[in-house]
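This report refers to the structure that appears directly beneath it.
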Amino acid sequence: MKREMKKEVKKEVKNRTKKKFIVSFGITLAVMLCVMLVGGGVYAGIQVLTRAPYIPAYVEIRPPVRDSDNAGETETPNITESTIMQRKPYFYTFLLFGIDNSNNTDVIMVAALDTVSREAFLVSVPRDTRIETQRRLRKPVSAYAVGRTGGRGHEGGVAELTSDMKSLFGFEPDFYVRIDYAAFERAVDSVGGVTVNVPFHMRYDDPIDNLSINIPAGVQVLNGRQALHFARYRMGNAGFRTITDYERIENQQQIIRALFAQLLSPATITRVPDLIDIYREHVHTNMTYREMLWFGEQLRHLSGATISTYTIPTLGTSGTPHWFEIPCRDGILELVNRTISPFVEDITAEMVNIAQ
């Protein structure tokens with residue numbers, strides 16, 4: 001029975017198109033926004049162009065390759081120990097990440113969209129999380145840059161970061177979206193800013209990096225540059241607060257919820273040309289034209305109340321010299337199975353690569 005299921009899995013995977021490519025959001029984003037803002041009447045006219053993305057009903061999950069206790073050698077997993085997992089219907093997962101000028105992945109999130117219950121989940125991963133690869137420990141902040149080496153380029157960077165997320169969560173996200181800081185800043189300006197509650201006065205000056213942050217406390221509308229500073233703020237000058245990575249993630253999640261609310265505003269329709277240019281120049285994804293149209297219609301049914309945000313639980317830091325955030329395996333498994341897991345069955349400890 002198990003062998004027959006594996007054959008079916010391989011057949012489905014073979015039938016699915018394997019061609020992954022980078023697409024500009026271009027006119028796609030314009031249509032998506034129009035669908036979200038105008039509603040079902042207009043959507044009915046273009047419905048024939050959209051379709052739900054195809055995801056195999058069953059997926060074969062192989063055990064991760066773990067470091068052995070013998071001189072750093074690695075164990076090769078036995079293929080007979082692989083597990084067949086059933087997918088939740090119309091449930092999709094996404095790797096969302098932002099890069100800086102050095103190709104560091106400064107913002108890392110895995111999201112899930114349940115189009116049956118019309119809920120969305122967003123799980124943030126601290127940039128200093130300890131990731132266990134086959135060769136050494138590292139932080140996901142460097143994964144994209146490492147993957148680009150050796151002529152592998154953007155696709156190599158995505159593959160490396162995707163592998164890190166599979167180590168933590170037990171599955172590879174279906175889609176990815178990569179955005180840089182210039183796009184984020186321009187997007188916030190294009191929708192007229194975002195309203196957030198700044199918890200304290202943020203002040204930090206670094207003449208070497210030509211960085212100057214000065215954001216007073218309180219509820220206010222931030223422009224693109226201020227919103228970027230708010231999302232990236234970590235340390236302050238003398239007399240001003242330095243925050244933890246978790247507080248920083250909370251700020252990032254607040255910005256995302258605020259930006260999502262602005263994108264759902266009817267006033268955004270006048271900003272479509274600007275948003276088209278931003279996405280064409282700065283955003284990369286492996287979603288196809290039709291898939292983005294379909295997801296655009298699904299997002300129209302969401303509100304801020306149906307988007308739940310989380311951060312992976314950790315056991316504290318490892319201390320010097322690396323300052324890793326130690327992931328809590330049991331806590332992560334509980335969170336993932338409750339929120340972003342695409343499977344009907346629970347993901348187990350054998351399916352992740354988190355040492356405890």
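In this text the structure is predicted, and so the values were computed from the model without any measurement.
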Open item on the list: If hydrophobic clusters are built by linking Ile, Leu, Val, Met, Phe, Trp and Tyr wherever their side-chain heavy atoms come under 4.5 Å apart, do Leu259 and Leu96 end up in the same one?
Closed with: yes
TODO: Give a yes or no on whether the backbone of Leu95 and the side-chain of Arg178 come within a donor-acceptor separation of less than 3.5 Å.
DONE: no
Task: Heavy-atom check, side chain of Lys166 versus side chain of Phe171, under 4.5 Å - done: no
- [ ] Kindly work out whether a path of hydrophobic side-chain contacts (I/L/V/M/F/W/Y, heavy atoms less than 4.5 Å apart) joins Phe324 to Leu315.
- [x] yes
TODO: With rounding to the nearest 0.5 Å, note down the distance linking OG in Ser308 to CG in Leu122.
DONE: 9.5 Å
TODO: Measure the shortest side-chain to side-chain distance between Val219 and Thr195 over non-hydrogen atoms and say whether it is less than 4.5 angstrom.
DONE: yes
Task: Val196 backbone acceptor or donor facing Gln220 side chain under 3.5 Å - done: no
Open item on the list: Minimum heavy-atom separation for Gly193 and Gln262, please, with both atom names.
Closed with: O-NE2, 3.1 Å
Task: Cationic N near anionic O, under 4.0 Å, Asp205 to Arg203 - done: yes
- [ ] Check the pair Phe240 / Tyr233 against ring-ring contact (aromatic ring centres under 6.0 Å, His included), numbers first and verdict last.
- [x] CA-CA 11 Å; Phe240 291 86; Tyr233 183 90; 8.7 Å; no
Open item on the list: Just by distance, no angles: are the side chains of Glu291 and Thr288 close enough, under 3.5 Å, to form a donor-acceptor pair?
Closed with: yes
Task: Point-to-point distance, once rounded to the nearest 0.5 Å, from NE2 of His229 to OG of Ser212 - done: 7.5 Å
Open item on the list: Would the distance check show the side chain of Ser167 and the main-chain N or O of Ser163 forming a donor-acceptor pair, the cut-off being under 3.5 Å?
Closed with: yes
TODO: Tell me whether the guanidinium CZ or amine NZ of Lys88 lies under 6.0 angstrom from the six-membered ring centre of Phe343 and within 45° of its axis.
DONE: no
TODO: Check whether any side-chain heavy atom of Phe169 sits under 4.5 Å from a side-chain heavy atom of Ile312, and report yes or no.
DONE: yes
Open item on the list: Between Arg232 and Asp106, does any side-chain N to carboxylate O distance fall below 4.0 Å?
Closed with: yes
Task: Considering all heavy atoms, the nearest Gly331-Pro313 contact - done: C-CG, 3.4 Å
TODO: Give a yes or no on whether a salt bridge exists between Arg130 and Asp164, defined as a side-chain N under 4.0 angstrom from a carboxylate O.
DONE: no
TODO: Kindly give the heavy-atom pair with the smallest separation between Thr105 and Ser142, and that separation in Å.
DONE: OG1-N, 4.2 Å
TODO: Calculate, to the nearest 0.5 Å, the distance between atoms CG and OG1 belonging to Leu113 and Thr93 respectively.
DONE: 10.0 Å
Task: Gln253 side chain to Tyr310 backbone, donor-acceptor under 3.5 Å - done: yes
Open item on the list: Same cluster or not: Phe91 versus Val344, using hydrophobic residues (I, L, V, M, F, W, Y) connected whenever any side-chain heavy atoms lie under 4.5 Å apart?
Closed with: no
TODO: Kindly assign one of parallel, tilted or perpendicular to the pair Phe97 and Tyr176, based on the angle between their ring planes and the thresholds 30° and 60°.
DONE: tilted
Task: Salt bridge present between Glu247 and Arg241 (N-O < 4.0 angstrom) - done: yes
Open item on the list: Between Ile249 and Leu228, is there shared hydrophobic-cluster membership here, with clusters defined by ILVMFWY side-chain heavy atoms closer than 4.5 Å?
Closed with: no
- [ ] Take Asp245 and Trp323 through the test side-chain contact (heavy atoms from CB on, under 4.5 Å) and record every step on the way to the result.
- [x] CA-CA 12 Å; Asp245 208 18; Trp323 292 104; over 6 Å; no
- [ ] With the side chain counted from C-beta on, respond yes when Thr309 and Ser124 share a heavy-atom pair under 4.5 Å apart, and no when they do not.
- [x] no
Open item on the list: With clusters defined by side-chain heavy atoms of hydrophobic residues (ILVMFWY) lying less than 4.5 Å apart, directly or transitively, does Val198 cluster with Ile256?
Closed with: yes
Task: Over 12 non-hydrogen atoms of neighbours within 6.0 angstrom of OH in Tyr90 - done: no
TODO: Check whether any side-chain N or O of Thr339 sits under 3.5 Å from a backbone N or O of Leu335 as a donor-acceptor pair, and report yes or no.
DONE: yes
- [ ] Indicate whether the side chain of Glu172 and that of Thr162 have a donor and an acceptor atom separated by less than 3.5 Å.
- [x] no
- [ ] Please examine the side chains of Pro126 and Asp128, heavy atoms only from C-beta on, and report whether any two atoms are closer than 4.5 Å.
- [x] no
Task: Any Ile347 side-chain heavy atom under 4.5 Å of Leu333 side chain - done: yes
Task: Arg234 atom CZ, neighbour heavy-atom count above 12 within 6.0 Å - done: yes
- [ ] Look only at the side chain of Thr285 and the backbone of Val177, and say whether a donor-acceptor pair between them is shorter than 3.5 Å.
- [x] no
Open item on the list: If you compare all heavy atoms of Asn197 against all heavy atoms of Gly218, which two are closest, and at what distance to 0.1 Å?
Closed with: OD1-C, 3.6 Å
Task: Nearest heavy-atom neighbours spanning Arg152 and Glu160 - done: NH1-OE1, 3.8 Å
Between side-chain atoms of residues 183-191 and protein atoms elsewhere (two or more places apart, or another chain), which donor-acceptor pairs fall under 3.5 Å?
| unit_1 | atom_1 | unit_2 | atom_2 | d |
| --- | --- | --- | --- | --- |
| Glu185 | OE1 | Arg225 | NE | 3.2 |
| Glu185 | OE2 | Arg225 | NE | 3.0 |
| Glu185 | OE2 | Arg225 | NH2 | 3.2 |
| Arg186 | NH1 | Glu281 | OE1 | 2.9 |
| Arg186 | NH1 | His282 | NE2 | 3.4 |
| Asp189 | OD1 | Gly224 | N | 2.7 |
| Ser190 | OG | Arg186 | O | 2.9 |

Open item on the list: Below 30° counts as parallel, above 60° as perpendicular, anything between as tilted: where do the rings of Tyr92 and Phe175 land?
Closed with: tilted
- [ ] Rounded to the nearest 0.5 Å, what's the gap from CD1 on Ile55 to CZ on Arg87? Could you check?
- [x] 5.0 Å
Open item on the list: Under the criterion side chain to side chain donor-acceptor pair (under 3.5 Å), I'd like the reasoning laid out for Thr115 against Gln298: C-alpha separation, chi angles, the key distance, then a yes or no.
Closed with: CA-CA 7 Å; Thr115 62; Gln298 306 311 307; 4.6 Å; no
TODO: Run the numbers on Phe94 and Asp174 for side-chain contact (heavy atoms from CB on, under 4.5 Å), then give the verdict.
DONE: CA-CA 6 Å; Phe94 308 82; Asp174 303 316; over 6 Å; no
Open item on the list: So, taking the atom named CG in Leu222 and the one named CZ in Phe230, what distance separates them when rounded to the nearest 0.5 Å?
Closed with: 7.0 Å
Open item on the list: I'd like to know if Glu250 pairs up with Arg248 as an ion pair, taking the criterion as any Lys NZ or Arg NE/NH1/NH2 lying under 4.0 Å from an Asp or Glu carboxylate oxygen.
Closed with: no
Task: Closest approach of Val352 to Gly170 (non-hydrogen atoms, all atoms of both residues) - done: CG1-N, 3.7 Å
Open item on the list: For a side-chain contact (heavy atoms from CB on, under 4.5 Å) check, start with the C-alpha distance between Asn251 and Met202, then their side-chain angles and the critical distance, and finish with the verdict.
Closed with: CA-CA 12 Å; Asn251 292 340; Met202 297 180 172; 3.6 Å; yes
- [ ] Report the distance from atom OG1 of Thr83 to atom CD of Glu345, rounding to the nearest 0.5 Å.
- [x] 9.0 Å
- [ ] Indicate yes or no: at least one non-hydrogen side-chain atom of Thr314 is less than 4.5 angstrom from one of Cys328.
- [x] no
Open item on the list: Measuring only between side-chain heavy atoms, which start at C-beta, is Met235 closer than 4.5 Å to Ile243?
Closed with: no
Open item on the list: Quick one, Ile131 with Leu168, criterion side-chain contact (heavy atoms from CB on, under 4.5 Å). Give me CA distance, side-chain angles, the key distance, then yes/no.
Closed with: CA-CA 8 Å; Ile131 300 294; Leu168 279 179; 3.7 Å; yes
Open item on the list: Under a 3.5 Å distance rule, please check whether Glu132 uses its side chain to pair with a backbone N or O of Ile354 as donor and acceptor.
Closed with: no
